[in-house]
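Below is one structure, written out as structure tokens; the observations come after it.
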There are 2 protein chains.
Amino acid sequence: MERKPDNCRVEDALGILVGKWKPVILLYLLQEGTKRFSELKRNMPGITQKMLTKQLRELEDEDIIARVVYPQVPPKVEYSMTEYGRSLEPILEAMHEWGAKHTEHKMEKQQNQLKSSS
Amino acid sequence: MERKPDNCRVEDALGILVGKWKPVILLYLLQEGTKRFSELKRNMPGITQKMLTKQLRELEDEDIIARVVYPQVPPKVEYSMTEYGRSLEPILEAMHEWGAKHTEHKMEKQQNQLKSSS
DNA sequence: CTGTATCCTGATCGATACTG
DNA sequence: CAGTATCGATCAGGATACAG
């Protein structure tokens, strides 16, 4: 598998993860399994319906999540990871771990700067 | 290490990788080692000086890459991955692999849609 | 050679209101 | 309940010109 700049496929993976709420949505569905629209919304404080809908549609278009509509009143729609979407889990986990370490790293750096300037 | 939505650190890692040229820059430095500004520019067809400078500064601010200035005329500036930056390599590799498989996946999907519509 | 400084455009995000 | 429509703000990205 080539990794040269002129054949870089990192962007393709990145494109799917990028979006202010996508990582949270994915991690949540991975952990909790199938969820309704309203449950997702309740769990992401601050997200608007428009945004949630948009992010879900984009993930659905990439086959990362599945959307099941129950034809009833009131409507019920459930979202869940696809088999394929689950292949992203190791990457998400790795990024979470790395991200956690990185915030530590940055805090240490700040501490050192404070020390040297005092 | 908690991965709950309210403690999601994926964004922190994502923030560093996001930027139109960052993945390419990182992969390039990872493979080729230390490079000059002009070499980087030559290797990223289409990037402007402003953009290259900006992306490099952002990566430098996060301690992912190191910037060494040689005080001479004409100026010479070298960029390289830091020890710390190298810890991103597995993630970058994983995303590249996944991205490559994903473009395959999308092509298969398109094929199937063509078949079923004919 | 290695940058900064301006200005501009399009995409993304968000607040709000409305609907089957 | 689960959306869609509209409008405005913000921001990343890019073209271009200039500078140490």
Side-chain angles (χ1 to χ4, degrees), chain A residues 5 8 10-26 28-29 32-62 64-81, chain B residues 5 8 10-26 28-29 32-62 64-81:
Chain A
C8 175
V10 173
E11 299 288 356
D12 301 307
L14 222 44
I16 287 166
L17 269 13
V18 171
K20 199 169 174 188
W21 305 91
K22 282 179 192 164
V24 213
I25 293 173
L26 293 176
Y28 185 59
L29 287 178
E32 308 285 322
T34 303
K35 286 293 166 189
R36 297 185 56 165
F37 185 88
S38 51
E39 293 177 294
L40 287 167
K41 180 153 166 40
R42 210 173 317 122
N43 202 266
M44 327 263 153
I47 198 172
T48 61
Q49 282 169 335
K50 179 194 160 187
M51 269 299 116
L52 182 52
T53 304
K54 197 185 159 207
Q55 312 274 301
L56 289 171
R57 287 287 179 286
E58 291 175 8
L59 291 169
E60 192 195 350
D61 288 344
E62 301 287 357
I64 307 300
I65 64 175
R67 176 171 179 264
V68 179
V69 183
Y70 294 85
Q72 56 183 41
V73 180
K76 176 179 169 186
V77 181
E78 286 185 342
Y79 294 90
S80 58
M81 295 297 286
Chain B
C8 174
V10 174
E11 299 288 357
D12 302 307
L14 222 43
I16 287 166
L17 269 14
V18 171
K20 198 169 174 188
W21 305 92
K22 282 179 192 163
V24 212
I25 294 172
L26 293 177
Y28 186 59
L29 287 178
E32 309 286 322
T34 303
K35 286 291 165 189
R36 296 184 58 165
F37 185 87
S38 49
E39 292 177 295
L40 287 168
K41 182 153 165 38
R42 209 174 317 122
N43 203 265
M44 328 264 154
I47 199 171
T48 60
Q49 282 170 337
K50 179 195 160 186
M51 269 300 116
L52 182 53
T53 305
K54 197 185 159 205
Q55 311 274 303
L56 289 170
R57 287 286 178 286
E58 290 175 9
L59 291 170
E60 191 196 352
D61 288 344
E62 301 288 357
I64 307 299
I65 63 176
R67 176 170 179 264
V68 179
V69 183
Y70 295 84
Q72 53 184 39
V73 180
K76 176 180 169 185
V77 181
E78 284 184 343
Y79 294 91
S80 56
M81 295 297 286

Over how many whole Å does the gap from [X] atom [atom1] to [N] atom [atom2] extend?
| X | N | atom1 | atom2 | value |
| --- | --- | --- | --- | --- |
| A:Leu52 | C:dC13 | CG | P | 13 Å |
| B:Lys35 | C:dT2 | NZ | P | 13 Å |
| B:Leu14 | D:dA12 | CG | C1' | 15 Å |
| B:Met51 | C:dT4 | CE | P | 13 Å |
| A:Ile47 | D:dA2 | CD1 | C1' | 14 Å |
| A:Arg57 | D:dA5 | CZ | C1' | 14 Å |
| A:Leu56 | D:dC1 | CG | C1' | 14 Å |
| A:Leu40 | D:dG3 | CG | P | 10 Å |

Compare the minimum distances between each of D:dT4, C:dC1, C:dG3 and the side chain of B:Arg36, then state the nucleotide with the smallest one.
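That would be C:dC1.
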
Output the single nucleotide from C:dA17, C:dC13, C:dT4 whose closest atom is nearest the side chain of A:Gln49.
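Selected nucleotide: C:dA17.
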
Any side-chain N or O of [X] less than 4.0 Å from the OP1 or OP2 oxygen of [N]?
| X | N | result |
| --- | --- | --- |
| B:Gln55 | D:dG13 | yes |
| A:Lys76 | D:dA2 | no |
| A:Ser38 | D:dA2 | yes |

Using a heavy-atom cut-off of 4.0 Å across all strands, would you classify [X] as base, sugar-phosphate, or nothing?
| X | value |
| --- | --- |
| A:Arg42 | nothing |
| A:Glu58 | nothing |
| B:Lys41 | nothing |
| B:Tyr79 | sugar-phosphate |

Between A:Thr48 and A:Pro75, name the one whose nearest nucleotide on DNA chain C is closer to the 5' end.
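Result: A:Thr48.
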
5′-ward residue of the pair A:Val18/B:Val69 relative to DNA chain C:
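Looking at DNA chain C, the more 5' nearest nucleotide goes with B:Val69.
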
Roughly how far, to the nearest 0.5 Å, is the [atom2] atom of [Y] from the [atom1] atom of [X]?
| X | Y | atom1 | atom2 | value |
| --- | --- | --- | --- | --- |
| A:Glu58 | A:Thr53 | CD | OG1 | 11.0 Å |
| A:Lys22 | A:Ile65 | NZ | CD1 | 10.0 Å |
| B:Arg67 | B:Leu59 | CZ | CG | 13.0 Å |
| B:Leu14 | A:Leu14 | CG | CG | 6.0 Å |

So which of B:Leu56, B:Val24, B:Ile47 actually passes side-chain contact (heavy atoms from CB on, under 4.5 Å) with B:Leu40?
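Single side-chain contact (heavy atoms from CB on, under 4.5 Å) partner of B:Leu40 among B:Leu56, B:Val24, B:Ile47: B:Leu56.
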
